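Here is the naming used below: chain letters follow the sequence lines, and residue numbers restart at 1 for every chain. Values reported hereafter were calculated over all heavy atoms of this structure, with side chains retained and with hydrogens, waters and symmetry mates removed. In this text, all values refer to a predicted model and were calculated from it rather than measured experimentally.
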There are 4 protein chains.
Amino acid sequence: MTAMGFENPVRTRAGRPRSVESRRAILQAAMLILQTQGYRALTIEGVAAKAGVSKQTIYRWWSSAAYIVLEALTSDPLQPPVPDTGGLHDDLLELIRPMVKALGARRGPIMKALIAEAQADARFAETLRTTFMAQHREALHALVGRAQMRGEIGFDADRELTADLVYGPMLYRLLNGHGPLDDAFAHAVTNAAVRMLKSTAGTPRIRAEAAE
Amino acid sequence: MTAMGFENPVRTRAGRPRSVESRRAILQAAMLILQTQGYRALTIEGVAAKAGVSKQTIYRWWSSAAYIVLEALTSDPLQPPVPDTGGLHDDLLELIRPMVKALGARRGPIMKALIAEAQADARFAETLRTTFMAQHREALHALVGRAQMRGEIGFDADRELTADLVYGPMLYRLLNGHGPLDDAFAHAVTNAAVRMLKSTAGTPRIRAEAAE
Amino acid sequence: MTAMGFENPVRTRAGRPRSVESRRAILQAAMLILQTQGYRALTIEGVAAKAGVSKQTIYRWWSSAAYIVLEALTSDPLQPPVPDTGGLHDDLLELIRPMVKALGARRGPIMKALIAEAQADARFAETLRTTFMAQHREALHALVGRAQMRGEIGFDADRELTADLVYGPMLYRLLNGHGPLDDAFAHAVTNAAVRMLKSTAGTPRIRAEAAE
Amino acid sequence: MTAMGFENPVRTRAGRPRSVESRRAILQAAMLILQTQGYRALTIEGVAAKAGVSKQTIYRWWSSAAYIVLEALTSDPLQPPVPDTGGLHDDLLELIRPMVKALGARRGPIMKALIAEAQADARFAETLRTTFMAQHREALHALVGRAQMRGEIGFDADRELTADLVYGPMLYRLLNGHGPLDDAFAHAVTNAAVRMLKSTAGTPRIRAEAAE
DNA sequence: CATTAACCGAGACGGTACGTCCCGTCTTAAG
DNA sequence: CTTAAGACGGGACGTACCGTCTCGGTTAATG
C-alpha cells in the first residue's frame, strides 16, 4: 500500500509504461526544493521544472505537492522500529530517540510542511493521520502492551493518552521551536512518561473519579 | 504592546490618523471568513472586499493574513488566567480547561491556521512564539513556581519540560485530530502532569543520570 | 511578418497551439473599448474581461495595450495603396485621400492612441516607426520615384522631406485638432506638395546653397 | 495670464499666502523627472516627494502633471520671436530655427509629453491648442501677412495651410523620430514653404478649381 | 493683538490597474 | 497510452498611483 494520492496501476496495460525515472526525479526535486527554499516555494510548476517533467505527469500520480512530500517520507526505508529490550524505559527511549533525532535534523522541514498542509486540506489530514501518525502510535501501543503483560505497569494505563504525552511534546517543539529536539529531550520525555505510567499502578480510582 | 505586523505609532504624528473603524472591520471580516470558509479562503482581497476597505490599508498595518488573525486572537480579552486555588492540581486544571475548551470549539480553526502559517513564514513563527505561546508558558511557570514554594513539588522540577508535557498533547490533538479536546482530556492531562511532577520530588538523581 | 510585441512561432512546436479565437476576441474587445470609451479606458484587465480571456494570455502575446491596437490596425487588410494614374498629382491624391479620410473618421482615435503611447515607450515607438509609418513613407517614395522617371520632376527632389511635408500636416491636424481632416485638406496638401516638387526642377542650386 | 489648471488669485486675500518656494520646487522637480526618467515616471506622488511638498499643494494649483509641464514650458521667457528681416524667406527661417533647435534638444521630451497627454485628455488638448500652439501659428500668420503686403506673395495664399506645412513636418519628426531636428531641416522646410507660397502668386485659379 | 482664514507637510483612506505567480485543465506532437 | 511542452481561464499576490480626506502646525491680513 502506498501513501500517494491516487491508486497505482497494478496490471500491466497497453501503451507507454509509466516512467520510473520521472517518478524518482519528481520526488528528488520536491525534497530539494523543500530543503533549500522551504515549503512556500514548493509548487507543482517548480517541481516540474526542476525535475524536467511536465505538470500533467505530476498530477497524474499525485493530487498536490503535499502528497509528493508524504510519499518521499514514507517511501524512505526508515520506518518506526519496535524495540524489545525487556524494559519499558529502554523500549520507549529506543522508540523515541531516532524520531526526535530525525525531526531535529532534515526531517524537521518535511514534517512541518506535512502538518501545515493538513490544517488546510481535510482529505490530506486524514491521509497523514492514518498512514504516518497511526503507525507511530501503534508502535507505542505495542510497547506499552508488552510492559503491561510483564506487570511493569497496570492495565488501567491509558494508551491513547500515553501516545499524546510522548508525541505531543515532540510535535510542539518541532512546530513552535522554543527548544531543541535532541537526546536530552528524548531522555526527559521518556522519564516523564515512564514515571507517569508507573505511578498509575494501584491508583486507578483517582483517574476515574477525576474525569467523572 | 501589540502582536501586529508593524509598530503602532504611539506619539501623535502629522497626517491623517489611522481609521479605527477600518481596523475593526478588517479584523471582523477576517474572523468571519475564517470561521465560515476556512483558512484556505482567507485572502487579503477577500478580507478587503468584505470589510469595504482597500488592500493597501490592510498591507499598511499587517504584512499577511496570518497577522490579522493573530491580532484578532490576542486583542480578544480572553487571556490566559492565572488561577490560585491553593493546590497544584486545581490550579493546573483551571489553567488548562478554558484553553482546551476553546481549542475544541471555535478557537480550533484559528489556532490551526496560525500554526500552519508559522511553518511557512519564519518571521511569523517568531512573532507567534513570543507573543502568544510564551504568554501561556509563563502562566504555567508561575503556577508551578507557587507549588514549589508551597513544598508541593521539588525544586528540581523542569518547568520547561512541564510546559511541553501540558501544551504538547493539546496541540497534537488539535493538529492531528485523533481525539477530542474536551473536559476529560483536560483532566487526564492535568493528572498526568501532576503525578509526573510529584514523582520527581526526592528523586532528582534519576533524571540527572538518565539524561547524562 | 507581424507587428506584435513578441515573435510568432512559425515552426510547429510541441505544446498546445495558440488559440486563434482568443486572439480574435482580444483584438475585437480592444477596438471596441477604444472606440466607445477612449484610450484612457483601454486597460489590460478591461480587455481581458470583455474578451473572456485571462490576463496572462494577453501578456503572453502582447507586452502592452498599445501593441494590441497596433496589431488590430496592421492586421486590417486596408493597407496603403500604391496608385498609378500616370500623373504625380493624381497618384499623390489617391495615396493621401483614403488615409486622410480614415484619420478623420474612426481611425483617428486609434492613431492618436498609438502616437501618444510611442512618446512614453521607446520600444513601442521603434515598432510603430518601422512597421506602420515606414510603410506609408515607402509608398510615397515609390510614387515620387516614378514621377522622376517620367521626367515630371527633377532627380534632386528630396524624397524624405517630401514625405515629411505630406504626412506632417496630416498628423498635426490629427493631434492638435485645429482643422478638419477632409477632402479639401487632402487636395490642398497634394497641390502644395506637387507645386513644391515641380518648382524644384531646374533650380537645384538654390536649395544646395541655401542649406549650405 | 498663465497656462495652469486653475485661476491664480489676483486680489490679496486673508490667510497664509501661496508659497512661491513650493511652486518653484514643484516645477523644478517635474522637469527634472521628465528629463531624467521620462514622461512615464512623471507622477504627482513622485513630484511631491522630490519637491518636498504635499500632494494636496500640487492639486491645489494644477489639475494634473501635464499642466505642471505646460506651465514650466510657458513660464519660460523663450517665447516665439516675430522676426522682421524684410524678406519672407529670412523671416520664416528666423521663426522656425529656434523652435526646431529647441525641439531637437531638451524641449523635445517636454513637447512629446504634452502632445501625448493631450490625446487622452480633451480638456488639456484644448488648453494646449489655445495657449501654446495658437501662439506660434499666429506668429506665422503675421509674418505671411507682411509678405503679402509687400507683394512678395499673392493674397490668395492659405495661411492656415501654410502653418500646417511649416509646423506639421516639425511635429512629425519630433514624434516619429525618423529624422533629425537640425538646422538643415529648418532650411529645407523654409525653402519648401517659400517656394510653395511664391508659386501660388498669379495662379489662384488652379487651387480654386482643384479643391473644387 | 487676538482672530481667523488659507496654506502647508504629512500621511491614511477607498479605489483601479498593474504585471507576476501558480493553479488545475487542455491540446498538440513525439515516443 | 504516456510523456514533454506549453497555452488556456482563473484567482490572488503585493505594488504603484490616483484623487480625497483629516490631522497639527504655520503665516499673514483683518477686526
S.K.: Rounded to whole Å, please give me the gap between CZ in A:R23 and P in F:dA4.
M.R.: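 After rounding, the reported distance stands at 15 Å.
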
S.K.: How long is the gap from CD on A:E45 to CD1 on A:I58, to the nearest 0.5 Å?
M.R.: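 One finds 9.5 Å between CD of A:E45 and CD1 of A:I58.
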
S.K.: I need the minimum non-hydrogen distance between D:Q119 and C:L175, along with the two atoms involved.
M.R.: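 Minimum heavy-atom separation between D:Q119 and C:L175: NE2-O, 3.2 Å.
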
S.K.: Please pick, from E:dC8, E:dT27, E:dC23, the nucleotide with the shortest atom-to-atom distance to any side-chain atom of C:P17.
M.R.: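 In terms of side-chain proximity for C:P17, the closest of E:dC8, E:dT27, E:dC23 is E:dT27.
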
S.K.: Choose from F:dT3, E:dC18, F:dT20 the nucleotide whose nearest atom is closest to any side-chain atom of A:S22.
M.R.: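 Ranking F:dT3, E:dC18, F:dT20 by closest atom to the A:S22 side chain puts F:dT3 first.
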
S.K.: As a test of reading the structure: which of E:dG19, F:dG19, E:dC8 is closest to the side chain of C:E45, going by heavy atoms?
M.R.: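 The closest nucleotide is E:dG19.
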
S.K.: Does any non-hydrogen side-chain atom of A:V47 lie less than 4.5 Å from one of A:K55?
M.R.: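 No - every pair of side-chain heavy atoms lies 4.5 Å or more apart.
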
S.K.: Looking at C:R24 and C:E71, is any side-chain nitrogen of the basic one under 4.0 Å from a carboxylate oxygen of the acidic one?
M.R.: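 C:R24 and C:E71: not salt-bridged.
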
S.K.: Could you go through the salt bridge (charged side-chain N to carboxylate O under 4.0 Å, His left out) check for B:E126 and B:R123 one step at a time?
M.R.: CA-CA 5 Å; B:E126 169 72 13; B:R123 227 170 64 74; over 6 Å; no

S.K.: Between E:dG11, F:dT2, E:dA6, which nucleotide gets closest to the side-chain atoms of B:R16?
M.R.: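 Shortest atom-to-atom distance from the side chain points to E:dG11.
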
S.K.: Measure from NZ or CZ of A:R23 to the centre of the six-membered ring of A:W61 and say whether it is under 6.0 Å with the direction within 45° of the ring axis.
M.R.: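 Not satisfied by the 6.0 Å and 45° rule.
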
S.K.: Which listed nucleotide (E:dC18, E:dC23, E:dA10) is nearest to the side chain of C:I44?
M.R.: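 The closest nucleotide is E:dC18.
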
S.K.: Write down the atom of D:Y39, the atom of C:A120, and the distance for their closest heavy-atom approach.
M.R.: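 Heavy-atom minimum between the residues: CD2-CB, 4.4 Å.
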
S.K.: If every non-hydrogen atom of B:A113 is compared with every non-hydrogen atom of B:L34, which pair is closest and at what distance?
M.R.: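 B:A113 and B:L34 have their closest heavy atoms at CB-CD1, 4.3 Å.
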
S.K.: Strictly below 4.0 Å, heavy-atom distances to any atom of DNA chain F: list the hits from residues 25-33 of chain A, or just say none.
M.R.: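 When residues 25-33 of chain A is checked for heavy atoms under 4.0 Å from DNA chain F, there are no hits whatsoever.
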
S.K.: Of all the heavy-atom pairs spanning A:L128 and A:L114, show the shortest one and how long it is.
M.R.: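 Shortest heavy-atom separation between A:L128 and A:L114 comes out as CD2-O, 3.8 Å.
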
S.K.: Within the structure, does a side-chain N or O atom of D:R18 lie under 4.0 Å from either OP1 or OP2 of E:dA6?
M.R.: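 No, D:R18 has no side-chain N/O under 4.0 Å of OP1/OP2 on E:dA6.
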
S.K.: Between D:A65 and A:T57, which residue's closest nucleotide on DNA chain F lies nearer the 5′ terminus?
M.R.: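 Nearest-nucleotide comparison on DNA chain F picks A:T57.
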
S.K.: Whole Å only: how far is the CD1 atom of A:I58 from the C1' atom of F:dA4?
M.R.: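 A:I58 atom CD1 is separated from F:dA4 atom C1' by 12 Å.
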
S.K.: C:G15 or B:S54: which one's nearest nucleotide on DNA chain E is closer to the 5' end?
M.R.: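 In this pair, the answer is B:S54.
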
S.K.: Heavy atoms from C-beta onward define the side chain here; which of F:dT3, E:dG19, E:dA10 lies closest to that of C:Y59?
M.R.: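 Among the listed nucleotides, the one closest to the side chain of C:Y59 is E:dG19.
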
S.K.: The side chain of A:W61 is closest to which nucleotide in this list: F:dG19, F:dT3, F:dA7?
M.R.: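 Nucleotide nearest to A:W61's side chain: F:dT3.
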
S.K.: So C:G52, base contact, sugar-phosphate only, or nothing? Heavy-atom distance under 4.0 Å.
M.R.: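 Contact class for C:G52: sugar-phosphate only.
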
S.K.: Separation of A:K50 atom NZ from E:dC22 atom P, in whole Å?
M.R.: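 Spelled out: NZ on A:K50 to P on E:dC22 is 12 Å.
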
S.K.: Check every atom of E:dT25, E:dA12, F:dG9 against the side chain of A:K55 and return the nucleotide holding the closest atom.
M.R.: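 Between E:dT25, E:dA12, F:dG9, the one nearest the side chain of A:K55 would be E:dT25.
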
S.K.: Nearest to the C:T43 side chain among E:dC18, E:dC13, F:dC18, which nucleotide is it?
M.R.: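 The listed nucleotide nearest to C:T43's side chain is E:dC18.
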
S.K.: How many Å lie between OH on B:Y67 and C1' on F:dC13, as a whole number?
M.R.: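 The answer, rounded to whole Å, is 17 Å.
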
S.K.: Where along residues 109-121 of chain B does a heavy atom come under 4.0 Å from DNA chain F, residue by residue in number order?
M.R.: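 Per residue number, the list is empty: none.
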
S.K.: Report the nucleotide, chosen from E:dA17, F:dT22, E:dC22, that has the shortest atom-to-atom distance to any side-chain atom of C:Q56.
M.R.: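 Within the option list, the nearest is E:dC22.
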
S.K.: Can you work out whether A:A41 or D:S19 has the more 5'-proximal nearest nucleotide on DNA chain E?
M.R.: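 Closer to the 5' end of DNA chain E: D:S19.
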
S.K.: If you define the side chain from C-beta out and look only at heavy atoms, does anything of A:Q35 sit under 4.5 Å from A:I110?
M.R.: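 Answer yes - side chains close enough.
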
